[in-house]
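Worksheet for the structure shown next.
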There are 2 protein chains.
Amino acid sequence: MHANVKQNVVPLITPGLKVACSQCNLRELCLPFGLDDVDMARLDNLIGGGRKLKRGQHLYRAGDPFESIFAVRSGFFKTDVLTEDGRDQVTGFQMAGEILGMDGISTELHTCNAVALEDSEVCLIPFTELELLSSEIHSLQHHLHKVMSREIVRDHGVMMLLGTMRAEERLAAFLLNLSQRFSARGYSHTEFHLRMTREEIGSYLGLKLETVSRAFSRFQDEGLISVQQKHVRIIDLPRIKSLLAPPDGRIA
Amino acid sequence: MHANVKQNVVPLITPGLKVACSQCNLRELCLPFGLDDVDMARLDNLIGGGRKLKRGQHLYRAGDPFESIFAVRSGFFKTDVLTEDGRDQVTGFQMAGEILGMDGISTELHTCNAVALEDSEVCLIPFTELELLSSEIHSLQHHLHKVMSREIVRDHGVMMLLGTMRAEERLAAFLLNLSQRFSARGYSHTEFHLRMTREEIGSYLGLKLETVSRAFSRFQDEGLISVQQKHVRIIDLPRIKSLLAPPDGRIA
DNA sequence: TTCTCGCATTGACACAGATCAAAGGGGCGC
DNA sequence: GCGCCCCTTTGATCTGTGTCAATGCGAGAA
C-alpha cells in the first residue's frame, strides 16, 4: 500500500526481461496463438519489453493514457473499477497468458486499475504497432478480435453470475473457473493457492467478505472442499458442479 | 462461399432495404465514424444488405454460426444469455447505431440471443470481409477496436451496477443511461417509451419484476418521474442523478 | 525468533428484496 | 372494434445476505 515507488505512473520497462514469443511456453494461450515462425518473429519484434511488478503494485490506473496492452507472463492480477462515490468492483482476475488493458482502447485512457496480486511479469504490446502489424498478418488480426470477443463473452458470464446466482452458486462458479484455468496452465485443478483476499473475491462476486467466508466454511463442512486461509483443495468436483443447477432442478 | 442452405435459421436478407452508410443519419454513431467519402463507399460495398424484424423475432440465437455483426438501423433489441439450467440474464438493450453480435467472434458461434423488442431494421456486416477491409483502412480498423473496447467498458459498468448497487440505484442508473442514449439520437431525454417489460428490466438489473415495479412507483411518489405503463417522463433529473451517490455520502 | 497487523472466521441481528398472492388495465391479435 | 391475455401494480410475509461486533490465526518484518 505505502509502496516506496520512485515513479508510480511511468511504467518501468525492463528490456532485459524480454522473452521471445517463440521461446515462451504461453504462446499457445496468448496473442501469438496460431502464428507461424516468421509472423511470430515479427510480433516479437514489436513487443516493447517486459515489466516486473511487486505484489501490490499497479500495472496501470484508471485515467492513465492508453498505449499498450499487456500479456501476463507470470503472476496474478486483479482489475477493478471504482466510482467517484467510493464504490469498488473487481472486474476480473488475470493469470499467465491472459491479456490486460483492452478497456483502454475505446477512450485512449484506461478505465480501470490493474494491480499485481503477487510478484508478476508482463509483456508490453504497444497497441498502435499491434494494429499496424495485425493489418498485415490476418491471423494475428483475427486472433486479436477473438481475444477481445472472449473478454465480452466472459463479462456476460459474470453478469449472469451477478444477476441470477445465489451466494454459494457464485462461489462454486468462481472455484470451477479457477480450477479450469489453472488446469489449462498445467497446474493442479484440485489444489491451488488463492492470490486474492476474501474481500476481493466478494467484490468480484457481488458479496460481502463475511458471506464469502461463510460459504467457504459451508463448503468445507459439506465435504466439497478443504480450505485453510488461501489454500484450497477441491474434494468433490461433481457435487460442486451440481450446485450450479438450480435448487428445484427445473430444466429449460 | 455461397453454399446457400435454405432453412429457417438463415437470416432473411432484404437487399432492397440496403441504405448507403453515406446516406445514413446514424453514420456518426455507427461503424463508419470517421471515414472519408472514399472509404465509406468501400464499407458500403461490403455491407450485405438489411434485414427487417418484427417485434419478438430473433436476430440470432445462441449457437447460431457467426458470420456477421449487425448495426441497428432502427428499432430496439435486447440480448440475453440463458444457461441450460434455465437461468436467463438480459445482457443489454441496443438501439439505433449500436452494434450487435460481437460475442460470436471468439467461438465462431453466437453465445447469446438477440431479439427485436419492436419492429426493427439492421444492416448486416459480414465479419470476414470487414476484417479484410479494416486491414486496408486503418481508421476503420481502429474504430472497430474502439467499438469492441467500448462494449467491454460498458459491461464493466453493468458489473459495477450488479455488484454494488441497491435496487433504486440500479433503476436510476438505468433511466439515466436510456435518457442519455435517446438524447444522443436526437430524441427527448426526459420523455420516452420503454420497449421492454418490467421483467426484462429486472433481468438486466438483477432484480425481480415486482421490485422494478415498486421502484418505479416509489420514484413517481417522490416526484422524480412520472410513469404510466411503458411511458416514462423524467421530472427531476438532478435528484435522480444524486441517487447514485451512496446514502452515507462518503467520499473515496 | 517474536511482534504485529492484516486477513479470516464466527455469531447475532436487521433489512432489502424475493416470494406468494390477488386484482385490474391496456395493448394486440383476431 | 372486441375480447383475451399478458403486463403491471400492490400487499403480506419470508429469507438470504448485509451489518455490526468480537476473536483468532498467520504471514511477513525486524
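Quick note on labels: first sequence line is chain A, next is B, and so on, each numbered from 1.
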Exercise. Would you mind classifying the nucleic acid contact of A/Gly202 as base, sugar-phosphate or nothing, using non-hydrogen atoms under 4.0 angstrom?
Key: nothing
Self-check item: Between P of C/dA16 and CZ of B/Arg170, the distance in whole Å
Solution: 14 Å
Quiz item: What nucleic acid atoms does B/Gly56 come within less than 4.0 Å of, heavy atoms only: base, sugar-phosphate, or nothing?
Solution: nothing
Quiz item: So, for B/Glu151 and B/Met102, which heavy atoms are closest and what is the spacing to 0.1 Å?
Solution: CB-CE, 3.9 Å
Quiz item: Are there more than 12 heavy atoms of other residues, nucleotides or ligands under 6.0 Å from atom CZ of A/Phe182?
Solution: yes
Quiz item: If you check every side-chain atom of B/Leu207, which of C/dG17, C/dC7, C/dC28 has the closest atom?
Solution: C/dG17
Self-check item: Protein-nucleotide distance (A/Leu194, atom CG; C/dA8, atom C1'), rounded to Å
Solution: 12 Å
Quiz item: So which one's nearest nucleotide on DNA chain D is more toward 5', A/Leu209 or B/Ser217?
Solution: B/Ser217
Quiz item: So, is B/Lys230 close to the C/dG27 phosphate, meaning a side-chain N or O under 4.0 Å from OP1 or OP2?
Solution: no
Self-check item: Atom-to-atom span, CZ of B/Arg166 to C1' of D/dT19 - whole angstrom
Solution: 12 Å
Quiz prompt | Whole angstrom value for the distance that separates C1' of C/dT19 from CD of B/Glu199 | solution = 14 Å
Practice problem: Please work out which of the three classes, parallel, tilted or perpendicular, describes the rings of B/Tyr60 and B/His110, given edges at 30° and 60°. | Solution: parallel
Quiz item: According to a strict under-4.0 Å criterion, is A/Lys208 in side-chain N/O contact with OP1 or OP2 of D/dC20?
Solution: no
Self-check item: Side chain of A/Gln229 - closest among D/dG18, D/dG26, C/dG26
Solution: D/dG26
Quiz prompt | Residue met sooner reading DNA chain C from 5', once B/Arg55 and B/Ala167 are mapped to nucleotides | solution = B/Ala167
Practice problem: Specify the separation, in whole Å, of atom CZ of B/Arg218 and atom P of D/dT9. | Solution: 15 Å
Self-check item: Side-chain donor/acceptor contact of A/Arg214 with base of C/dG11 under 3.5 Å
Solution: yes
Practice problem: Measure the distance from NE2 on B/His231 to C1' on C/dG25 and round it to the nearest whole Å. | Solution: 17 Å
Quiz item: Between A/Glu118 and A/Lys54, is there a side-chain N and carboxylate O pair less than 4.0 Å apart?
Solution: no
Exercise. Figure out the CE/P separation between B/Met165 and D/dG18, and round it to whole Å.
Key: 16 Å
Quiz item: Have B/Gln89 and A/His156 got a donor and an acceptor in their side chains that come within less than 3.5 Å?
Solution: no
Exercise. Decide yes or no on side chain to side chain contact (heavy atoms under 4.5 Å, CB included) for B/Ser120 and B/Val72, but give the supporting numbers first.
Key: CA-CA 8 Å; B/Ser120 302; B/Val72 181; 5.6 Å; no
Quiz item: Is a donor-acceptor contact shorter than 3.5 angstrom present between the side chain of A/Glu210 and the base of D/dC20?
Solution: yes
Quiz item: According to a strict under-4.0 Å criterion, is A/Gln228 in side-chain N/O contact with OP1 or OP2 of C/dA8?
Solution: no
Exercise. Please state whether the phosphate of D/dC7, meaning OP1 or OP2, lies under 4.0 angstrom from any side-chain nitrogen or oxygen of B/Arg198.
Key: no
Self-check item: B/Phe216 CZ - D/dC7 P separation (whole Å)
Solution: 15 Å
Quiz item: Just to confirm, is there a sub-4.0 Å distance from OP1 or OP2 of C/dT9 to any side-chain nitrogen or oxygen of A/Ser213?
Solution: yes
